Structures are given as structure tokens and as C-alpha cells.
Amino acid sequence: MMFPVNMEEQDYTTYCREMLTQLMTSKVSKVCLDAQELILTMISHFSLDITSVYNWSMVDPKVAGWLLNPDHPPNTFTEVVKMLWKDNHQECDQDADATTLLCQDLSQLLDVMELLRRRLMDCDLLDLYLNVEMKLTPILAGMEYHGICVDPQRLINMGDILKKRIGMVESDAYKSAGHRFLLSSHVQLRTVLFDELHLDEKCENRQKLARTSVNNLKSTSESVLVKLQHLHPLPKLVLEYRKLEKMKSTYVDGILACIKEGKLTATWDHTSAATGRLTSANPNIQSVPKQPLEITEASNKQPAEGDKHETTSLCAREPYIAREGCSFLAADFQSIEFRLLAHFSKDPSLLKVFQGDDKKDVFVELTSQWMNVPPGSVQTTDRERTKRVVYSIMYGVGPEKLATYLNVSAAEAKGFISSFLRRFPGVSRFTHKCIEECKAKGHVRTILKRWRLIPNIKSPNFFLKSQAERQAVNFVVQGSAADICKLAMILVGKQLVERGLRARLLIQLHDELVFEVADEEVDSVRGVVKDIMQSDDLLCDGKIKLQVPLRVSISVGKSWGRMTDSE
DNA sequence: TATATGACGCTAGG
DNA sequence: CCTAGCGTCAT
């Protein structure tokens, strides 16, 4: 590349912008470590329009390394080199000189990428790499650049309300425990609950209380406190304290700390989830609570009237506001993981649940099929239970954990699972197929051939082997859903640009996309987004056929906390 | 004595 | 099942 020296600064910037833009849109292969960061830098530095970077294409060695070994992605170029080198010459493992030399010489970048390309090809991952992952990179850079507007004053107000309430709950907790202690410390709480108050011994019909996973100590988690809350006032107070504290520390103070120049800019990480999902950090915007937190605020105006309480509802998503003249538009794949389970299992009864009327509630339909009762007479509790059972099977969790979710005995939970699997035998066939495939090949694959290596599938250790089996099944479902959502991001992005619509993707919540849209274009964008996400062509121009239709629900609002369904 | 780091437990989202 | 992030507690 040539850079002229005798140029005015403005001309120079223009020159660089033009040249780099031409380079980026050219057919020449460009290898770039951390391509997402480069694109973001270029957008900011040259004030480029996001839409102009969507067709940039580069290849990034780190993303390639992650696809090849998603559980241990390389974090630096050195690690990429090590990864290739280790696998190619396993015998001469200890020769560090060659490695460091290779890393220092960036002229090796092309060779490394060529090696990676060959490995991707051999592993049948090249198509996924070039046509999905690398096309996603500019979209992620755009999301980082765009950011989200947050009203800091709203957050500060929420923080004040929370602080007041936390103080009250704290003093109530000290009273009921009989002394002060660090309420946020699970270690101290454990001694108070079990050594001082002996609540575990008083527990009704000797329910099994959860243990901590590493040290096998008595747990103080939510499921335990729920079981203890009728024996003593303290557990309930701790539960409330934790909810308030979580909200304040993570979703008020934590978010406030991430606001820069009036907007929230999260980092979107392409390679940190082994399942192929995206993650966001600083802040993790994917975990901002959906459900509002109900708090009872003691009225301080009329203390004479005694027990007057006001209940306030705090919604963590409320302070997220669309820019002037814009609205948020959220598009949500309805129970996509469950639909994929039906697709993979090919179970006729399960498939039937997703065919026909879109307005039907799938969990009501499923409960009806399972229990042999008409959909009209399915109870809400039965519906919830069905949902839990389905997700437990998909996640591969055993009867013990399902029992804690449902608050029933392990034997009952086991009964639900086996009854479900008897009624929908395709599901068992699918899970067994996953496990067998994994045993035979050492890995499993998603619908777009993304893979995960699971060596523990042959472990002699029962716990490790069982965990590996759950991971194998879960990866196929969760990873395939991630694949489909990535395709949606790419195709919707492309279509919006082609139609010249002013809609920008802000957030991806695994099975949901949130856009910011100019008010006058909401209707057009809604149409485009829904059509594409529900289209049979979404999966590689229809080359891959799903056994079930995908359904998308749309909601629109000025605040992320107040979104209303929209046909 | 003061502060940095890593393991652990818990909980928000999906 | 898999993420991020906050808080304790030991080192």
C-alpha cells in the first residue's frame, strides 16, 4: 500500500478513506486479526455509514480458530499459531523457538490463514466460516458503533428507591436473625440458617436441600430459601434482599458505569461461546431483566397512619429509550429451540403441535397431546410443568434438577420425564442418535455443520460422561438455534440496506433481534423482518428444509421496557 | 498493612 | 445446558 506524503490533512484523510474502502469492498482476500475491531475503528474514524460496511469481507484467523475448536478459542495470534502447530507436529511439542519466531514474523499471517482455510475445508466448516461467521463480523461492529440510548436519571432514581428498600430489608433481617451479619455473604448466611436456626432440620417432610457444586456444602440458593420460607421470616427477607441487590449492583450501578457520551456501548463477542452463540459484555445487555421487580415502598409521608405501603414496579429495561423520531422493534423467534427439537426428533405428535394455526399456544397444545385432554381444559400449572419438562429434556438436566424447578420430589420428576418420552418417542431417538454420533466421531454438529468436540463422551468417569452426553444433545439444539439467528441477522441486514430502510440492529438476545427504526418506517421494517425470518429460504435459500415452520412475533415501543405486540 | 487475584456461590438472560 | 457480572473469602 502506498501513502502519499505531501498532502493536506483533510485530503489525506479522504484519500485513506477512499483507498481503504476500495480495498475492503474489493475481491482481494484480506486477512485481519480482530477484523471486528478494525471495522469499528474505521467506522468511527472515517464516520462511515454502517450500511456501507455490511458487504465488507475479510477473514479473521481468531474466528477460524474458534470454529475449529470452540471450547478453546485462541485469544492471540500466538495462540492461533500454537494451535495449528500443535496439531500438525505433535511429536516435537517443546520447540518454543520456532513458535516465537513464527509469531514475531507477521509475514506468516498469510501462511497461517492458508493452513486454517485448509483445516476448515477438511472439517467441513468453510462454508459456515465464510458465509455466516465472516459476514456477521461487520454487523457486530455496527452494533458496537451504534450503541443504545439510556436515560441516566431514570437509573439514578431507581437506584435511590432500591437503596432505601435495601436498608429496610437489611434491618428486618438482622432483627429476625437476632444479630447483625453480612447479608451478602452466603458463608455467614449458611451458619445463621443451619448452625444457629437449624432450619434444615425443621424442614417439612425432610425435603432434600441442594448442596453447593464444588464443596458440597449446604446451599443457600433460591430453591433452598423457597423451601425454608414458611419456617422463619429470614429466608424470605434474604430472597428479597438478593433481588434488590442484584438489580442495584448489576442493572443500575453496573449499567451507569458503562454509559459513555450518553449511550451504552456493549462489546459483542463473536468467539466466546462454544455453542456458537454471541455474548455481550461491559455490560452484558443480554441479561437485563425482562420481568419488573415489585417492591413495597413504605410511605414516609403519613407515618401516623401506620401500615400504609405503596408498591412500586421497577423495570430494568425502562430507561432504554429509542432515539428521537425512532422506535424499538423487536423480532422474536417463538420457542425456536423447542421447534428444532421437534424438527430433529421427527416425532409425529410433536410436529403436529407446530403445524396449523399459528395463534395456538404450543405448550397448551403439547400438554393436551400429552395428557389426552382437549386444549381448552389445560390448566396453567400443567402448561408450566410441560414447559419445564421440555426444557429440562432439551438441556439434558436430570430428574433431580427438574425436581427443584418444579418443587416436587425427584421420583415425581422422573415420572414426568419418562411419561413424556413414552408419549413422544422421537425425542429419545434423537437424544440417543446425538450421543451415538458423538461417541463414534468425537464431535456433534448443528444444522449448519458447526461442531463441538466432546472428548469426555468416552470418559470412564460417570459424572463426566453424563455431562458430555448432556452437552452433546444440548449443543445440537442450542447451536442450531444460534445458527438460524445468525442467518436472520445477515439476511435481514442485507435486505434493509437494499431497500434503503433506516433500521439498525442494536441487540441480539439469542432468539430475538432488537432494531431501532425511524417511526415512519416501522411498518415497512416489520414486514421485511417478519417475512425474512419466517421464510423457508432463511436456511441457505431453502437448501435445508425444516420439518416445522419458524414463527416470529414482533413488538414495538419507545422504551425497551414498554414494548407492545404488533401484528 | 494494603491491595491484587482466583475460586466459589448466586442469579439475570436465553 | 451456557453465558456475564457481582459479591465474599482465602491467598
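Atoms considered below: every heavy atom in the structure, side chains included; atoms not considered: hydrogens, waters and symmetry mates. It should be emphasised that the depicted structure is a prediction, and the values quoted were computed from it without experimental measurement. Reminder, nothing fancy here: chain letters follow the sequence lines and each chain counts from 1.
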Visitor: Tell me, which of residues 260-267 of chain A have any heavy atom that sits under 4.0 Å from an atom in DNA chain B?
Guide: none
Visitor: Using a heavy-atom cut-off of under 4.0 Å over every strand shown, decide if Ala316(A) touches base, sugar-phosphate, or nothing.
Guide: nothing
Visitor: From CG of Leu244(A) over to P of dC6(C), roughly how many Å is that when rounded to an integer?
Guide: 17 Å
Visitor: So with a 6.0 Å cut-off around NZ of Lys530(A), is the heavy-atom count from everything else above 12?
Guide: yes
Visitor: Any salt bridge between Arg165(A) and Glu240(A), counting N to O under 4.0 Å?
Guide: yes
Visitor: Thr446(A) and Asp483(A): side-chain donor and acceptor closer than 3.5 Å?
Guide: yes
Visitor: Which heavy atom in Leu199(A) sits nearest to a heavy atom in Leu231(A), and how many Å separate them?
Guide: O-CD1, 3.6 Å
Visitor: Taking OP1 and OP2 of dG5(C), is either one under 4.0 Å from a side-chain nitrogen or oxygen of Thr250(A)?
Guide: no
Visitor: What is the distance from CZ of Phe430(A) to P of dC1(C), rounded to the nearest Å?
Guide: 16 Å
Visitor: Return a single string for nucleotides 7-14 of chain B, one symbol per nucleotide in 5' to 3' order, where B is base contact, S is sugar-phosphate-only contact and - is none, cutoff 4.0 angstrom on heavy atoms.
Guide: -SBSBBSB
Visitor: May I ask you to check whether Arg190(A) and Thr212(A) show a side-chain donor-acceptor distance below 3.5 Å?
Guide: no
Visitor: For the pair made of CG in Leu189(A) and P in dC9(C), what is the distance, rounded to whole Å?
Guide: 11 Å
Visitor: Measuring only between side-chain heavy atoms, which start at C-beta, is Cys123(A) closer than 4.5 Å to Leu68(A)?
Guide: yes
Visitor: What's the NE2-C1' distance between His270(A) and dT3(C), to the nearest Å?
Guide: 16 Å
Visitor: Angle between ring planes, Phe363(A) versus Phe338(A), binned at 30° and 60°: parallel, tilted or perpendicular?
Guide: parallel
Visitor: Whole angstrom is fine here: how far is it from CD in Gln188(A) over to P in dG7(C)?
Guide: 16 Å
Visitor: Which residue is it: Lys486(A), Gln286(A), Arg277(A)? I am looking for the one with a side-chain hydrogen bond (donor to acceptor under 3.5 Å, both in side chains) to Gln508(A).
Guide: Gln286(A)
Visitor: Rounded off to whole Å, could you give me the CZ-to-C1' distance for the Phe344(A) and dC1(C) pair?
Guide: 15 Å
Visitor: Which heavy atom of Ala266(A) sits nearest to which heavy atom of Glu144(A), and what is that distance?
Guide: O-CG, 3.5 Å
Visitor: Rounded to the nearest Å, what distance is computed from the CG atom of residue Leu256(A) to the P atom of nucleotide dG5(C)?
Guide: 16 Å
Visitor: Starting at CE of Met247(A) and ending at C1' of dC6(C), how long is that distance when rounded to a whole Å?
Guide: 15 Å
Visitor: Using the closest heavy atom to pick a nucleotide of DNA chain C for each, name whichever of Gly254(A) or Ala273(A) lands nearer the 5' end.
Guide: Ala273(A)
Visitor: Please compare Thr275(A) and Asn282(A) by the position of their nearest nucleotide in DNA chain C and report the one closer to 5'.
Guide: Thr275(A)
Visitor: Which one, dC6(C), dT8(C), dA4(C), comes nearest to the side chain of Ser249(A)?
Guide: dC6(C)
